[in-house]
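Read through the structure below, which is laid out as structure tokens, and then see the notes.
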Amino acid sequence: MDPMSFTTSLAAGQILAQQLKTGGVHTPAFGPPKHSTIPGKIPEMKGEMAAGSLPTCPMIYAIIADMAIVGIPNAPPPQWREDAGQQQQFGYRHDVPPLPALVPLSLTDLSLKVECQISTAFVTVQGTWVLDCLRSGAICDCLLAVPMDHQGTVAGVEIDLGNSRLYTTIVVPRDEAASYGAKGSPMTNVDDPGTYNPDLFRLRVPQVVSGTRLSLKITWFQAMLFSDGLYAVRVPLILPDYVVPLETELASIVKLTCSINTGTPHPVVVGQFNNTMKETLREDGRVSLVSGGKDTWGDWKNSDFIASYQVWSDKILPNLLVQGPILGESDPRGTFCLSIASPDPKHIKAFKRAVVFLLDRSGSMYGKPMEDACQALLFGLSSLQPEDSFNIIVFDHAQLTFSSQLVYATAPILGRAREWVTTNCEARGGTDILAPLQAAFQLLRMNLDAVPYIFLITDGAVADERKICRLIQAAVTSRGGKAPRISTFGIGHYCNYYFLKMLAVIGRGMSDAAFVSGRIREQMERMLVAASTPLLTNITLSIMDLPSGCEVYPFPIPDLFCGNPLVVSGRFHGKFPRSIKVVGMLPDQTVWDIEVFSSESPGVPLSKVFAKQQLDLLTAQAWLYDDKHMQEQAVNLSIMSGIPCEYTSMIGFETTREKFSRLLHERMQGKKMNVPKFTVGKLAGIALVGGLAIGFGSVAATAGNALIGDVLGNIVGDFGGIPDSVFCCDFSNCDCSNCDFSFLGDCCGCDCSNCDFSFVGDCFDNCGDGCCDPDGICCALVSCLFDSCDNMGDICACILDCIGSLSN
């Protein structure tokens, strides 16, 4: 599907679907599905996923690259005729949409099972689709597309194609996937499945025959979101009318089941569901529900599935669950989970806060990302109380501070801060993260009567990230309990999210990321709300009688907030003690000290619930310390849990049900897997499932993504001392191999006057005086450098490093 974007192919597929129904090409009114939705109760999905042409529920599409195969099963094959010099198929007008097109398959039944386990939701979707848009005997590839809310992680896919054909997935070490020849496309645009996209899982299924019934089972899990005292999960489930047979009651083909296990001994208070759900089980800490019967069909609403349960109570409420080793798992250790529920705000007194906001305004933040980040920052300012103090630092390759010191959040000062943000948050330049972090630490050094917080918002990766982590670790250790809490928010695909995660872990803060611009403001505001009311700080655990100790995730333990219940998990050897002691500091500076007794809950699969949390932290630590042993631990956990990580890959392949069962049995026994032995087609049948790994960021891409007019054009004004020969032409006719870069000297470890820039060549030939936009940015220059010159990112990084040295 390279020639066209995913969304364009979806639109083309809808046109073809209409053509099959009506006998001619009709352009449908693209937009939300026509089935009724709940008005005013459930917020609409935001960001790119809100576009009407994108999937709003699990879908399977036929990938149509040739109109000759399009038709109805068991109908006569198409005929062709010459008409005005053009080849035309009977039954279709000549203005068919451009190919390839993604034609939706018809849905016959769908079941959704959601299991809410403490703070994680496990989702299983099963359904059957029919490939009914091809003529008899025709074959095409199909595409599974599953939209997910809040960065879901797929753990397994099985698609039964009939005739003993099964297409499935499995996680293997990355080098093993490479040895099979499985390839992806990680450097393509966001529409391509090869680019990390946690909002939409895609899997290509090869060689499906017309009339095939595709029976799908897909499982994934996602962290439940906390808001207004409730843990909640949303599953996109709005069924388009064009995939459901006419006159079909949705409730007759859709079945919903939901279970909630809070892990506590208290009754479950369930939130409101979109459709009628009937309880089938209720006991302390647990409840199970199913969708209503025929008597509720008339009230059925075509909407996303949302489940929630209440967490807030009248006091801080800890709970400790313990689970022994699981038979068949490679890890012989047990698992524990400590959850600490926060009380309703009406029952609490919160700490005063001292907050420094750090906002990246580098050139790559230009446009909607910058606008959304600024709006979220203004929201953060509005969350401050008059007794809180704050400051703002915006940074690129330099930094600008709102005030020389922390100021109190009074109405007049907040008003000036909003004006300052609006004036100074314009995207420009490169990215330097260490300097603003150090400045924030300095600003917070003298604050003794409030909890210090740093909120870092960036869209880039920088050099020496490991060094930055070590420096921040040393600064945090030296200040002990008075060290600033660091929360990080990453934007886009160039960040090193494991660097940002480690900064947050070191700083006892939170970490989140947005990969599409439409999600930035929503997710940033959620994180700012979560951290707005700290209740318990400097939390420690005392776990006695474990001779081999235990691993704790995350460590050090973050603070407890009113808007963010605390969940700590861990692994241990031996027998877990009967109780542990939890100690923290309350807002009145008294010590909160409580003994928490452990209990077993066989209904909660703790090792699975927290596998993703532990895997992410293991991966981040393996990156930080460049530790091969930690990498091996991450690989083992990834394979056993079925969750891909940076050191593993998910591969798709065709097999049979019998062969797949044998493969899983050998994996459970710890045997080294030989995947080709179980496939149909051997190596040729194995494909990499792309778009599941974030990566460790790109310093070169970060630098190369800054607007050239800002990176180069403003150098003289900002720093001075750069010769005119750098800007060697009017961008209309220049061989850049002759440009003078000697001003860079050896500031980055090499004599840049000797660096070879000849690869740029004469790429400015097509850029004349008249092609610049109002800001003076030459569009042909930008296009040339970013579309043609592979090395430009490295050169920009080199230049920006040198600029930093020159400015010092």
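All figures in this text were calculated on a predicted structure; none of them were measured in a lab. Positions are given from 1 along the sequence.
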Any donor-acceptor pair under 3.5 Å from [X] side chain to [Y] backbone:
| X | Y | value |
| --- | --- | --- |
| Gln310 | Trp312 | yes |
| Tyr242 | Leu105 | no |
| Gln323 | Leu606 | yes |
| Asp284 | His266 | no |
| Asp304 | Leu237 | yes |

*Is it the case that Thr264 and Asn319 place a side-chain donor and acceptor less than 3.5 Å from each other?*
no
Grab the two heavy atoms, one from [X] and one from [Y], that are nearest each other, plus how far apart they are.
| X | Y | result |
| --- | --- | --- |
| Phe610 | Ser119 | CE2-OG, 4.4 Å |
| Val154 | Val157 | CG1-CG2, 3.9 Å |
| Val125 | Pro58 | CG1-CG, 4.0 Å |
| Thr128 | Leu107 | O-CD1, 3.4 Å |
| Ser308 | Ile260 | O-CD1, 3.9 Å |

Neighbour count >12 (heavy atoms, 6.0 Å) for atom [atom1], [X]:
| X | atom1 | value |
| --- | --- | --- |
| His665 | NE2 | no |
| Asp228 | CG | no |
| Lys255 | NZ | no |
| Glu658 | CD | no |

*Would Glu522 and Arg526 count as a salt bridge (Lys or Arg N to Asp or Glu O under 4.0 Å) if you check the C-alpha gap in whole Å, the side-chain angles of each, and the deciding distance to 0.1 Å?*
CA-CA 6 Å; Glu522 170 195 4; Arg526 184 187 300 128; 3.1 Å; yes
*asked:* Does the plane of the ring in Tyr231 sit parallel, tilted or perpendicular to the ring in Phe226? Use 30° and 60° as the thresholds.
replied: perpendicular
*Give a yes or no on whether a salt bridge exists between Arg521 and Glu525, defined as a side-chain N under 4.0 angstrom from a carboxylate O.*
yes
*Salt bridge present between Arg519 and Asp512 (N-O < 4.0 angstrom)*: no
_Passing candidate, side chain to side chain contact (heavy atoms under 4.5 Å, CB included) with Leu615, options Thr153, Ile643, Thr648_ = Ile643
*asked:* As a test of understanding, state which of Thr168, Val680, Thr169 forms a side chain to side chain contact (heavy atoms under 4.5 Å, CB included) with Phe653.
replied: Thr168
Which value, rounded to the nearest 0.5 Å, describes the distance between [X] atom [atom1] and [Y] atom [atom2]?
| X | Y | atom1 | atom2 | answer |
| --- | --- | --- | --- | --- |
| Leu216 | Ser111 | CG | OG | 9.5 Å |
| Leu225 | Gln523 | CG | CD | 8.5 Å |
| Trp129 | Leu110 | CH2 | CG | 5.5 Å |
| Gln614 | Ser607 | CD | OG | 8.5 Å |
| Ile118 | Ser339 | CD1 | OG | 6.0 Å |
| Lys612 | Cys645 | NZ | SG | 8.5 Å |

*Going through the distances and angles, do Arg657 and Asp160 end up as a salt bridge (Lys or Arg N to Asp or Glu O under 4.0 Å)?*
CA-CA 9 Å; Arg657 181 70 63 182; Asp160 193 323; 3.8 Å; yes
*Within 45° of the axis and under 6.0 Å from the centre of the six-membered ring of Tyr167, does NZ or CZ of Arg204 qualify?*
no
